[in-house]
Trainee: 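Right, I'll just put the structure down here and ask away after.
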Amino acid sequence: MADLEQTLGYRFVRPELLDQALTHSSQAREVESAQPLASKRTGDNEQLEFLGDAVLGLITTEDLFHRFPQFREGELSKLRAHLVSEKHLIRVAQTLELGHYLRLGRGEEKSGGRNKTALLVDALEAILGAMYVDSGLETVRRVVLEHIVSPELEIIARNGSSLPLNDYKSALQEKLQAMGRAQPAYVLVKERGPEHSKTFTVQARLLKADEPNDTELVGQAEGSTKKDAEQGAARQLLAYLDSPPADKRSRASGGGQMAKS
């Protein structure tokens, strides 16, 4: 634990919080079953993970808001979705070598739990939640910016891009949630080609805000995988939602379907 605290640059006032953040439910339930007469429930990291996820989202959103005042809401949503995505957080968790510190039950240990993406990401978020409980937002802010946000933004800048353009689905999901609108339906409409080289065509159907049973717009894209095609279709809907009202009316009146990409 001292090694992990040194890596984080923070020493817990209540070290039991860090211990709990690294305790998977499988370990907690094993301890309880071994002590059937104990009245106190053994803590695991699920509640701390829930809290840490919210703290991470707040700190990341606030930093992007101040760091990129020139970005529109859609651009900020894309960037935040990338920074808090499982795909990015697993790299951070691996860099911190969190797998070494996890407290797992025997079953999870045998099934390779120390290398499972979900367990590592949950532990990372639980640690952030534990730090927040231990000493407040500013301590967590430093760790989030130092280990999660700033290094990735530097990589993106070095690659010559101001935004990662690979997770449009998450950005679209966040944007629609913020608008209080229903999530789109992704529909596979066509697949062609041999098994080893298929092309998939997917539609993303945006429902009307005031008539949720009707479709406002359909984005359609092709890809070598269903996921790639879904990302392309989601990108079209994001572009539509970020467009001026006059453009929205024109596209919607033009049949409600956008061109393939």
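Each residue takes its place number in the sequence, starting with 1. On a predicted model such as this, the values are computed, not experimentally measured, just so you know.
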Trainee: Quick one: pull up CZ in R181 and CG in L207 and give me the separation to the nearest 0.5 Å.
Mentor: 8.0 Å
Trainee: If you look at every heavy atom in T23 and D19, which pair is closest and at what distance?
Mentor: OG1-O, 2.7 Å
Trainee: So how far is it from L137 CG to L128 CG, rounded to the nearest 0.5 Å?
Mentor: 11.0 Å
Trainee: Using atom types as modelled and distance alone, determine if a side-chain donor or acceptor of D134 lies under 3.5 Å from a backbone N or O of R14.
Mentor: yes
Trainee: Assess K169 against Y186: is NZ or CZ under 6.0 Å from the centre of the six-membered ring, and within 45 degrees of the ring's axis?
Mentor: yes
Trainee: Could you measure the distance from the CD1 atom of I59 to the CD atom of E62? Nearest 0.5 Å is fine.
Mentor: 8.0 Å
Trainee: Output yes when a side-chain donor or acceptor of T60 lies under 3.5 Å from a complementary backbone atom of G57, and no otherwise.
Mentor: no
Trainee: Return yes if some donor-acceptor pair links the side-chain N/O of T215 with the main-chain N/O of R205 below 3.5 Å, else return no.
Mentor: no
Trainee: For the backbone of Q220 and the side chain of Q236, can you confirm whether one donor and one acceptor N or O come within less than 3.5 Å of each other?
Mentor: yes
Trainee: Could you tell me if the side chain of Y10 sits less than 4.5 Å from the side chain of M131, heavy atoms only?
Mentor: yes
Trainee: Testing the basics here: between A204 and A234, what is the closest heavy-atom pair and its distance to 0.1 Å?
Mentor: CB-N, 4.3 Å
Trainee: In Å, rounded to the nearest 0.5 Å, how long is the span from CD of Q47 to CG of D44?
Mentor: 8.0 Å
Trainee: Below 4.5 Å, heavy atoms only, C-beta onward: do R67 and L153 meet side chain to side chain?
Mentor: yes
Trainee: Would you tell me whether R80 and T61 have side-chain atoms, one donor and one acceptor, within less than 3.5 Å of each other?
Mentor: yes
Trainee: Is F200 close to E222 at the side-chain level, that is, under 4.5 Å between some pair of heavy atoms?
Mentor: no
Trainee: Report whether Y168 and M179 are members of the same hydrophobic cluster (ILVMFWY, side-chain heavy atoms less than 4.5 Å apart, transitive linking).
Mentor: yes
Trainee: In the single-linkage hydrophobic clustering (I, L, V, M, F, W, Y; side-chain heavy atoms under 4.5 Å), do L217 and V189 co-cluster?
Mentor: no
Trainee: Just how far is it from atom CG of L48 to atom CG of D53, taken to the nearest 0.5 Å?
Mentor: 12.5 Å
Trainee: Which heavy atom in G232 sits nearest to a heavy atom in A221, and how many Å separate them?
Mentor: C-CB, 3.6 Å
Trainee: Can you give each donor-acceptor pair under 3.5 Å made by side-chain atoms of residues 91-101, sequence neighbours left out, with the distance rounded to 0.1 Å?
Mentor:
{"residue": "R91", "atom": "NH1", "partner": "K87", "partner atom": "O", "Å": "3.4"}
{"residue": "R91", "atom": "NH2", "partner": "E152", "partner atom": "OE2", "Å": "3.4"}
{"residue": "T95", "atom": "OG1", "partner": "R91", "partner atom": "O", "Å": "2.9"}

Trainee: Do M1 and V133 share a hydrophobic cluster (ILVMFWY, side-chain heavy atoms under 4.5 Å, transitive)?
Mentor: yes
Trainee: Are K116 and S111 close enough, and set up right, to give a side chain to side chain contact (heavy atoms under 4.5 Å, CB included), and what steps lead you there?
Mentor: CA-CA 9 Å; K116 288 183 179 178; S111 64; 3.2 Å; yes
Trainee: Just checking, is any N or O donor in the side chain of Y132 or T139 under 3.5 Å from an acceptor N or O on the other one?
Mentor: no
Trainee: Does CD in Q6 sit with more than 12 non-hydrogen atoms of other residues, nucleotides or ligands closer than 6.0 Å?
Mentor: no
Trainee: Restricting to non-hydrogen atoms, name the atom on F12 and the atom on I127 that form the minimum distance, rounded to 0.1 Å.
Mentor: CZ-O, 4.4 Å
Trainee: Kindly indicate, with the supporting measurements, whether the criterion side chain to side chain contact (heavy atoms under 4.5 Å, CB included) is fulfilled by E125 and L51.
Mentor: CA-CA 8 Å; E125 292 178 335; L51 176 61; over 6 Å; no
Trainee: Let's go through L83 and L56 carefully: what are the C-alpha distance in whole Å and the side-chain angles of both, what is the deciding distance for side chain to side chain contact (heavy atoms under 4.5 Å, CB included) to 0.1 Å, and is it a yes or a no?
Mentor: CA-CA 10 Å; L83 291 171; L56 171 62; over 6 Å; no
Trainee: Please tell me whether E216 and Y240 have a donor and an acceptor in their side chains that are separated by less than 3.5 angstrom.
Mentor: yes
Trainee: Angle between ring planes, F71 versus F68, binned at 30° and 60°: parallel, tilted or perpendicular?
Mentor: parallel
Trainee: Please say whether more than 12 non-hydrogen atoms of neighbouring residues, nucleotides or ligands are located less than 6.0 Å from CZ in R11.
Mentor: no
Trainee: Could you report the tightest heavy-atom contact between K175 and L241, atom names first, then the distance?
Mentor: CE-CB, 3.7 Å
Trainee: Answer whether the closest heavy-atom distance between the side chains of R192 and K198 falls below 4.5 Å.
Mentor: no
Trainee: N45 and Q20: which non-hydrogen atoms are nearest, and at how many Å?
Mentor: CB-O, 3.2 Å
Trainee: In chain order, what residues pass the side-chain contact (heavy atoms from CB on, under 4.5 Å) check against E138, with sequence neighbours excluded?
Mentor: R141
Trainee: Within the 4.5 Å heavy-atom criterion, are R114 and L104 side-chain neighbours or not?
Mentor: yes
Trainee: Nearest 0.5 Å, please: how far is CD in E174 from CD in E73?
Mentor: 10.0 Å
Trainee: Do V202 and K190 make a side-chain contact, defined as non-hydrogen atoms from C-beta onward lying under 4.5 Å apart?
Mentor: no
Trainee: When you compare the side chain of L18 with that of L4, does any pair of heavy atoms fall below 4.5 Å?
Mentor: yes
Trainee: With heavy-atom distances below 4.5 Å as the criterion, would you say the side chains of L145 and D63 are in contact?
Mentor: yes
